[in-house]
Asks: 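One structure, as structure tokens, below. Some questions next.
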Amino acid sequence: MKPTFKVLIVDDLELNRHLLQHMLKHDGFDVVLANNGLEALDVYKKEKPDLVLLDVVMPHLDGYETAPMLKELAGEVYLPIIFITALEDQDSLTRCLDVGGDDFLSKPFERVILHAKIKAHARIRDLSQKAFEQKKELDFYRLKTEREHQIVEHIFQRAFEGNYKVPHLLDFHLSPASMFNGDIMLVELGPTGNLYIMMGDFTGHGLAAAVGTLPVSSSFYSMVQKGLSVGDIAIQINDILLKLLPDDMFCAASIIELNNMGKSLSVWTGGTPDMYLIDNQNDQFKTIESQHMALGILESDEFDAASMNYSVSKQEQLIVFTDGLVEIMDENGEMFGYERLTELVKQPHYQEIPNIIDELNYFSGGVEQDDDISILSLRCDEVNSNLDQNQYSYSKLAHSFSLTVDAEAIRSSDPVLEVIDMVTLIKGAKEHRSTLYLLLSEAYNNALEHGLLELSSSIKDSDDGFLDYYMQRDSLLNELTSGHIIIDVNYVPEQTSLYFTVTDSGKGFNVDAKKSELDNEDAHGRGFVLLQEIASSVEYNDIGNQVKVGYQLNEA
Amino acid sequence: MSLKTSTSADGQTVTIEVKGKFDFNFVQDFRSAYSAIEGSIDTIIVDLRETEYMDSSALGMLLNMQKTLAGRVNNIKISNCKPQIKKILQISRFDKKFDID
């Protein structure tokens with residue numbers, strides 16, 4: 001017994017209070033006193049006693065009224081209330097029990113019985129207290145876990161937030177075995193409008209398996225935005241998983257790229273079930289087997305990024321799924337298996353995802369699934385989603401700058417790309433950087449090769465001339481000690497046009513003669529023709545050592 | 001800036017990937033990428049997905065490749081071009097000589 005076990009004695013008779021207090025103190029209990037029910041409530045709030053000895057007949061709230069109030073104050077922990085009573089009639093005793101009394105103590109008081117009763121109730125209170133503490137602790141952890149799950153769920157939702165921009169091509173069904181999915185399906189468009197899909201299956205299921213999907217999804221999206229090939233994406237994700245995952249965890253995955261025209265399919269697969277490429281019109285059924293080990297196993301130097309390429313047409317359809325699908329069991333523990341699935345998807349009716357799922361549910365007869373199940377079907381047709389047709393806005397400020405590149409700088413640097421990098425800082429120019437690069441590159445290289453180095457394009461006519469030409473260019477460039485090229489850049493906001501003026505210190509050339517000698521089919525005339533076609537204007541000065549190329553940003 | 005060549009498992013498809021700037025700096029590398037091919041093969045894919053810039057020297061290289069391999073390869077594909085690169089190829093009428101997707 002804890003020395004601090006505290007008993008509240010409630011009795012309007014001082015004699016009784018005194019007697020009980022004496023006995024209890026003698027037995028080592030703490031004692032607090034109250035003269036009536038009302039006072040008892042006050043004392044209870046201040047002293048928090050562990051047990052109450054309660055008289056029945058008192059002024060200001062009798063025992064019957066006080067008991068339920070005390071029980072209410074005590075809350076969830078058991079507060080023993082022992083009625084002090086001389087009453088013998090059954091009705092009164094029953095009423096004591098009805099209002100929440102736990103026991104009786106009859107007058108005259110007997111010390112041994114009082115002690116025994118208190119001890120018995122103290123044990124129950126002790127148990128109740130422990131149970132209450134444990135419940136509090138459990139509640140705390142439950143709330144904490146719930147909160148954590150909510151946070152994680154939120155993050156997961158964000159990470160996989162729908163990029164399903166091509167509903168006309170893609171149909172899928174994802175069914176996690178628990179709240180978190182260890183399967184992953186990511187869909188995104190690349191910069192050239194190619195459609196990328198990744199379907200992965202982490203070892204296990206639930207939260208532990210789902211954790212790996214986060215870094216995978218973020219790196220997948222960023223690599224797709226760069227337009228990398230499926231093999232390169234596989235390399236990167238493998239590296240990430242190798243660093244992050246414990247040795248016994250990995251990710252079986254398929255990474256698929258359908259080009260914008262819907263005509264070619266690249267596939268990297270590691271550790272996944274077979275995929276099916278189905279052509280109903282020509283009654284062809286191709287099984288694509290996994291080529292590699294799952295992601296997150298092999299070191300970078302052992303990793304094989306080789307992908308498979310298929311020419312496809314719009315009557316073809318690719319079906320990809322995770323192993324949870326073929327491992328679905330019926331009530332006898334028999335798996336659905338590949339054979340059943342291949343037979344199924346050979347029938348056009350079952351190439352629709354919902355029909356496959358219906359069939360699976362029918363097979364399993366309601367047996368709970370052990371693993372995450374994912375399946376997708378991709379129709380190989382034009383992706384044709386509206387690539388961002390943003391209305392670009394253009395700078396309203398006139399820009400102008402000039403660079404003089406001397407022989408030393410010409411030898412040791414590539415001014416074209418540097419100038420283009422500067423030019424693309426002008427608002428509205430960035431979207432045209434490849435084209436602007438081409439224009440400036442043609443103008444600059446003409447100035448350098450023909451103006452300063454005095455190379456003749458006719459070298460390119462001979463066998464291997466192309467290579468010769470650039471080898472000669474290289475050696476002449478190394479010997480270049482004098483001369484310069486001036487690059488002037490002007491942006492005219494009224495015309496939303498950029499002008500590159502490239503002037504070399506060479507002798508120039510006969511512009512008219514040059515134009516007439518050009519032949520569209522010749523490899524070396526191509527640069528000149530390209531300039532004329534892409535630029536909005538091309539002007540040479542009379543002596544042919546300066547060209548001014550214009551380009552309108554808001555055209556096309 | 002780099003150039004990477006890979007051959008499919010059946011040896012019938014060679015893929016040449018050019019990253020960054022496709023210009024005369026690759027004259028030699030590009031040439032050796034296709035001159036290493038022996039006998040005849042089905043397809044050459046020039047994958048330009050990571051090509052940001054190209055100029056007329058790149059066009060010359062592509063034409064040279066086509067001349068060199070004439071009769072030894074069924075199909076030369078130029079794949080995954082960004083829109084501006086595709087436009088340059090179209091303006092140069094390359095879509096008549098190459099399979100551009």
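The chains referred to below are lettered A, B, ... by the order of the sequence lines, with proteins before strands, and numbering in each begins at 1.
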Asks: Please state whether the side chain, the backbone, both or neither of Ser311(A) comes within less than 4.5 Å of a heavy atom of chain B.
Replies: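 Just its side chain gets close to chain B.
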Asks: What is the minimum heavy-atom distance between Ser441(A) and Asp55(B), and which atoms define it?
Replies: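 So the minimum-distance heavy-atom pair works out to OG-OD2, 2.8 Å.
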Asks: Shorter than 4.5 Å, heavy atoms on both sides: which option in Arg31(B), Glu50(B), Lys82(B) has the most such pairs with chain A?
Replies: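 Among Arg31(B), Glu50(B), Lys82(B), the one with the most close pairs to chain A is Arg31(B).
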Asks: For each of Ser6(B), Ser57(B), Cys81(B), tally heavy-atom pairs with chain A at distances under 4.5 Å, and name the one with the top tally.
Replies: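 Winner by heavy-atom pair count: Ser57(B).
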Asks: Using non-hydrogen atoms and a 4.5 Å limit, figure out which bit of Glu257(A) sits close to chain B: side chain, backbone, both or neither.
Replies: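 The side chain, not the backbone.
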Asks: With rounding to the nearest 0.5 Å, note down the distance linking OG1 in Thr13(B) to CG in Asn309(A).
Replies: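 One gets 6.5 Å once the value is rounded to the nearest 0.5 Å.
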Asks: Mind checking whether Tyr53(B) and Tyr437(A) have parallel, tilted or perpendicular rings, split at 30° and 60°?
Replies: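 Rings of Tyr53(B) and Tyr437(A): tilted, 30 to 60°.
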Asks: Does this structure show an ion pair linking Asp99(B) with Lys263(A), if we count only N-O contacts that are shorter than 4.0 Å?
Replies: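 Between Lys263(A) and Asp99(B) there is no salt bridge, as every charged N stays at least 4.0 Å from the carboxylate O atoms.
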Asks: Under the side-chain contact (heavy atoms from CB on, under 4.5 Å) rule, what do Leu530(A) and Leu59(B) come out as? Steps first, then yes or no, please.
Replies: CA-CA 10 Å; Leu530(A) 262 181; Leu59(B) 300 178; 3.3 Å; yes
Asks: Do other residues, nucleotides or ligands put more than 12 heavy atoms under 6.0 Å from Met308(A) CE?
Replies: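 Yes, the 6.0 Å shell around CE holds more than 12 heavy atoms from other groups.
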Asks: Using the rule given for side-chain contact (heavy atoms from CB on, under 4.5 Å), can you reason through Glu533(A) versus Gln90(B), listing the C-alpha separation, both sets of side-chain angles and the distance that settles it, and then say yes or no?
Replies: CA-CA 11 Å; Glu533(A) 294 239 11; Gln90(B) 279 164 348; over 6 Å; no
Asks: In terms of heavy-atom contacts, does CD of Glu38(B) have more than 12 from other residues, nucleotides or ligands at under 6.0 Å?
Replies: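 Result for CD/Glu38(B): open.
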Asks: Run the numbers on Asn445(A) and Phe24(B) for side-chain contact (heavy atoms from CB on, under 4.5 Å), then give the verdict.
Replies: CA-CA 10 Å; Asn445(A) 283 316; Phe24(B) 61 84; 3.9 Å; yes
Asks: Just verifying a value: how many Å separate Ser434(A) OG and Glu52(B) CD, rounded to the nearest 0.5 Å?
Replies: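 One finds 6.0 Å between OG of Ser434(A) and CD of Glu52(B).
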Asks: Please round to the nearest 0.5 Å and tell me the distance separating atom OG of Ser79(B) and atom CG of Asn194(A).
Replies: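 Answer for the OG-CG pair, Ser79(B) versus Asn194(A), is 9.0 Å.
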Asks: Of the backbone (N, CA, C, O) and the side chain (C-beta and beyond), which part of Thr435(A) lies under 4.5 Å from a heavy atom of chain B, both, or neither?
Replies: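 Thr435(A) touches chain B through backbone and side-chain heavy atoms alike.
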Asks: If you count heavy-atom pairs within less than 4.5 Å of chain B, which of Ser229(A), Ser264(A), Ala306(A) leads?
Replies: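 Most heavy-atom pairs under 4.5 Å with chain B: Ser229(A).
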Asks: Between Leu531(A), Leu436(A), Asp474(A), Leu438(A), which shows the greatest number of heavy-atom pairs under 4.5 Å with chain B?
Replies: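 Of the candidates given, the most pairs with chain B belong to Leu438(A).
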Asks: Crowded around Met422(A) CE? As in, over 12 foreign heavy atoms under 6.0 Å?
Replies: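 Counting neighbours around CE of Met422(A), more than 12 heavy atoms of other residues, nucleotides or ligands fall under 6.0 Å, so yes.
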Asks: Tell me, side chain or backbone of Arg433(A) under 4.5 Å from chain B's heavy atoms, or both, or neither?
Replies: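 For Arg433(A), the contact with chain B is made by backbone and side chain together.
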Asks: Test side-chain contact (heavy atoms from CB on, under 4.5 Å) on Lys4(B) and Asp232(A); report intermediate values, then the result.
Replies: CA-CA 12 Å; Lys4(B) 199 170 84 186; Asp232(A) 284 343; 3.1 Å; yes
Asks: Atom CD of Glu17(B) and atom CG of Leu228(A): how far apart are they, to the nearest 0.5 Å?
Replies: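 So the gap between those two atoms works out to 8.5 Å.
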Asks: May I ask you to check whether over 12 heavy atoms, not counting those of Gln28(B), lie within 6.0 Å of atom CD?
Replies: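 Incorrect, the count does not exceed 12.
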Asks: Go through the atoms of Phe94(B) and report whether side chain, backbone, both or neither lie under 4.5 Å from a heavy atom of chain A.
Replies: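 Contact with chain A involves the side chain of Phe94(B) alone.
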Asks: Measuring heavy-atom distances to chain A, does Asp23(B) have an atom under 4.5 Å in its side chain, in its backbone, in both, or in neither?
Replies: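 For Asp23(B), side-chain heavy atoms alone lie under 4.5 Å from chain A.
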Asks: Nearest 0.5 Å, what's the NZ-CD1 distance between Lys21(B) and Ile420(A)?
Replies: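 The distance works out to 11.0 Å.
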